[in-house]
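Just so it is clear, the model here is predicted, and its values are computed rather than measured. Numbers here simply count residues along the sequence, with the first being 1.
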Amino acid sequence: MRKIVLGTRGSKLGLIQTGLVGKVLKEKFPDIRVETKVITTKGDVNSSPIPLDTIGKAWFTDEIEQELMAKTIDIAVHSLKDVPTDIHEGSIVLPVLKRDDPRDVLVSKHGLTLEKLPQGAIVGTDSSRRKAQLLAKRPDLRVESIRGNVDTRLRKLREENYDAIVIAAAGLARLSLLDVVTEFFDIRTFVPAPGQATLAAQARTDDTEILSLLSALQNASTTMETEAERAFVERIGGGCKSPVGACARASGDLLEVFGMFADETGGKIRWDSDAGTASGAREIGQRLADRLLSSEA
């Protein structure tokens, strides 16, 4: 019986997500044995109030990737939104399983929607992308840093001076916490992070056996959607520290991509969309990025 070691962060959500990948692996390949290795990343131990999407580093993936390349694990399991486009040479990142709900949601202390929050309400997020879109809709809001895992952020909302927080629907769903959601944001007007709600498996390119196993875990629609989103980010600039969002939706042979891009201050923000055949996912993402970049001038 072949042993497969999955590497992951030790958060509750990270373990649940890795368990989903391991479960499907064992269902499809009964002759393998799956083990999980917990790896602490800098994002797990650094609590500095720096917006995570402005750091330009693989804050939640570096240490896991290093163990993959050192061959102490066979597969690194990530949230795709945390994986930079410039991954370690000799590795490949594959979206696996069917994507969950990619939307961002508002969780407010008193059950109010974004429109109904009081003047000057405090909204917690560590994402410059979310901050830019929040302030575009409600310039009067005070958007302040909030760090920690999902449970920690929900506790801070209850106990501290936040009126609401913005968080990913998928994380709440995987933790069976969707009942706390006050409002689901439309992906057209509040664009999620590229790869949001998608699980990613990273493997070494020379490990053909593992790559063969992972190919059986891929979902065609999810693969096309995330290909377009990551192509959008690459074209904008993989290390870009400006707020960037992209979300693609596949329907049969058609693919529609929604994108947003702002300057580093979040003060000038642009939204746009593009569509085409799903087989041209990468080209659609690149074309949309080019149009948003040209509108910056």
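Atom OG of S11 is separated from atom CG of D151 by 9.5 Å, given to the nearest 0.5 angstrom. With rounding to the nearest 0.5 angstrom, the CG atom of L213 is 11.0 Å from the NZ atom of K28. Distance CZ/R249 to OG/S273: 14.5 Å, rounded to 0.5 Å. Distance check, rounded to the nearest 0.5 Å: CG of L6 to CG of L25 gives 6.5 Å. Rounding to the nearest 0.5 angstrom, the gap separating the CZ atom in R130 from the OG1 atom in T125 is 5.0 Å. One distance of note links CD1 of I73 with CG of L68; it measures 5.0 Å at 0.5 Å rounding.
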_Walk me through whether R287 and E283 qualify under salt bridge (Lys or Arg N to Asp or Glu O under 4.0 Å)._
CA-CA 6 Å; R287 189 168 64 232; E283 290 73 23; over 6 Å; no
*Dump the intermediate steps for salt bridge (Lys or Arg N to Asp or Glu O under 4.0 Å) on D104 and R129, then the final yes or no.*
CA-CA 11 Å; D104 279 324; R129 171 189 57 82; 2.8 Å; yes
*Could you go through the side chain to side chain contact (heavy atoms under 4.5 Å, CB included) check for V166 and V105 one step at a time?*
CA-CA 6 Å; V166 178; V105 300; over 6 Å; no
*Walk me through it: do D163 and V123 pass the test side chain to side chain contact (heavy atoms under 4.5 Å, CB included)?*
CA-CA 6 Å; D163 295 289; V123 181; 5.7 Å; no
_As a quick check of understanding, evaluate side chain to side chain contact (heavy atoms under 4.5 Å, CB included) for D100 and R174, giving each step before the final call._
CA-CA 9 Å; D100 285 330; R174 290 167 186 155; 2.8 Å; yes
*Passes salt bridge (Lys or Arg N to Asp or Glu O under 4.0 Å), R291 versus D272? Steps please.*
CA-CA 8 Å; R291 193 157 65 244; D272 207 339; 2.9 Å; yes
*asked:* Would E160 and K156 count as a salt bridge (Lys or Arg N to Asp or Glu O under 4.0 Å) here? Give the steps.
replied: CA-CA 5 Å; E160 298 183 14; K156 288 181 177 180; 5.3 Å; no
*asked:* side chain to side chain contact (heavy atoms under 4.5 Å, CB included) for F261 and R270? Distances and angles first, verdict last.
replied: CA-CA 5 Å; F261 176 61; R270 296 162 295 283; 3.0 Å; yes
*Just do the side-chain hydrogen bond (donor to acceptor under 3.5 Å, both in side chains) check on Q17 and S79 with the steps written out, would you?*
CA-CA 8 Å; Q17 293 177 161; S79 293; 3.2 Å; yes
_Check against side-chain hydrogen bond (donor to acceptor under 3.5 Å, both in side chains), E67 and T72_ = CA-CA 5 Å; E67 298 229 15; T72 56; 2.7 Å; yes
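Among all heavy-atom pairs drawn from K137 and F190, the shortest one is CE-CD1, 3.7 Å. A pairwise comparison of heavy atoms in T226 and P95 identifies OG1-CG, 3.5 Å as the closest pair. Shortest non-hydrogen contact noted between P102 and Q196 is O-NE2, 3.0 Å. For M69 against R204, the heavy-atom pair with the smallest separation is SD-CG, 4.1 Å. Counting all heavy atoms, side chain and backbone alike, L288 lies closest to F258 at CD2-C, 3.9 Å. The nearest pair of heavy atoms linking I210 to A203 is CG2-CB, 3.8 Å.
In this structure the side chain of L217 reaches within 4.5 angstrom of the side chain of L97, judged on heavy atoms. Between P243 and K131 there is no side-chain heavy-atom pair separated by less than 4.5 Å. No side-chain heavy atom of L172 sits under 4.5 Å from any side-chain heavy atom of L175. Contact check for M260 versus Q133: side-chain heavy atoms found under the 4.5 Å cut-off. For the pair L154/V107, a side-chain contact is recorded, criterion being any heavy-atom separation below 4.5 Å from C-beta on. Within the 4.5 Å cutoff, side-chain heavy atoms of P118 are placed close to those of L112. Under the 4.5 Å side-chain criterion, counting only non-hydrogen atoms from C-beta, I4 is in contact with I75. Here the side chains of W271 and T189 are not in contact, with every heavy-atom distance at 4.5 Å or above.
For the residue pair R99 / T198, a side-chain donor-acceptor distance below 3.5 Å is found, with atom types taken as modelled. There is no side-chain donor-acceptor pair under 3.5 Å between E234 and T85. Under the 3.5 Å distance criterion, with hydrogens and angles disregarded, a donor-acceptor pair is assigned to the side chains of T152 and N149.
F184 and L134 fall into different hydrophobic clusters, defined by Ile, Leu, Val, Met, Phe, Trp and Tyr side-chain heavy atoms under 4.5 Å apart, directly or through other members. A single hydrophobic cluster is seen to contain both V180 and I146, as judged by linkage of ILVMFWY side chains at heavy-atom distances under 4.5 Å, directly or through other members. F29 and V24 end up in the same hydrophobic cluster when Ile, Leu, Val, Met, Phe, Trp and Tyr side chains are linked at under 4.5 Å. V34 is connected to V77 through a chain of hydrophobic side-chain contacts under 4.5 Å among Ile, Leu, Val, Met, Phe, Trp and Tyr, so both are in one cluster. Hydrophobic clustering (side-chain heavy atoms under 4.5 Å, transitive across Ile, Leu, Val, Met, Phe, Trp, Tyr) keeps L114 apart from I167.
For the salt bridge (Lys or Arg N to Asp or Glu O under 4.0 Å) with D74, the qualifying choice from K37, R2, K3 is R2, the only one to do so. When I87, I92, T61 are each tested for a side chain to side chain contact (heavy atoms under 4.5 Å, CB included) with Q202, only one passes: I87.
The number of heavy atoms from other shown groups lying within 6.0 Å of CD (E89) does not exceed 12. Under a cut-off of 6.0 angstrom, the local environment of CD in E115 is sparse, with at most 12 non-hydrogen atoms contributed by other residues, nucleotides or ligands. For CG of D206, the number of neighbouring non-hydrogen atoms (other residues, nucleotides, ligands) closer than 6.0 Å is greater than 12.
Panel note: side chain T41, backbone E63; no donor-acceptor pair is recorded below 3.5 Å. Side chain of T18 to main chain of L15: no donor-acceptor pair is present (N/O by atom type, distance under 3.5 Å, no hydrogens or angles). The backbone N or O of E225 lies less than 3.5 Å from no partner atom in the side chain of R230, so there is not a single donor-acceptor pair. With K98 contributing its side chain and N219 its backbone, the two residues share no donor-acceptor pair below 3.5 Å. Not a single donor-acceptor pair under 3.5 Å links the side chain of E35 to the backbone N or O of V5. With S108 contributing its side chain and T113 its backbone, the two residues share no donor-acceptor pair below 3.5 Å. Under a 3.5 Å cut-off, the side chain of T8 and the backbone N or O of G14 do form a donor-acceptor pair.
With salt bridges taken as basic N to acidic carboxylate O contacts below 4.0 Å, none links E229 and K81.
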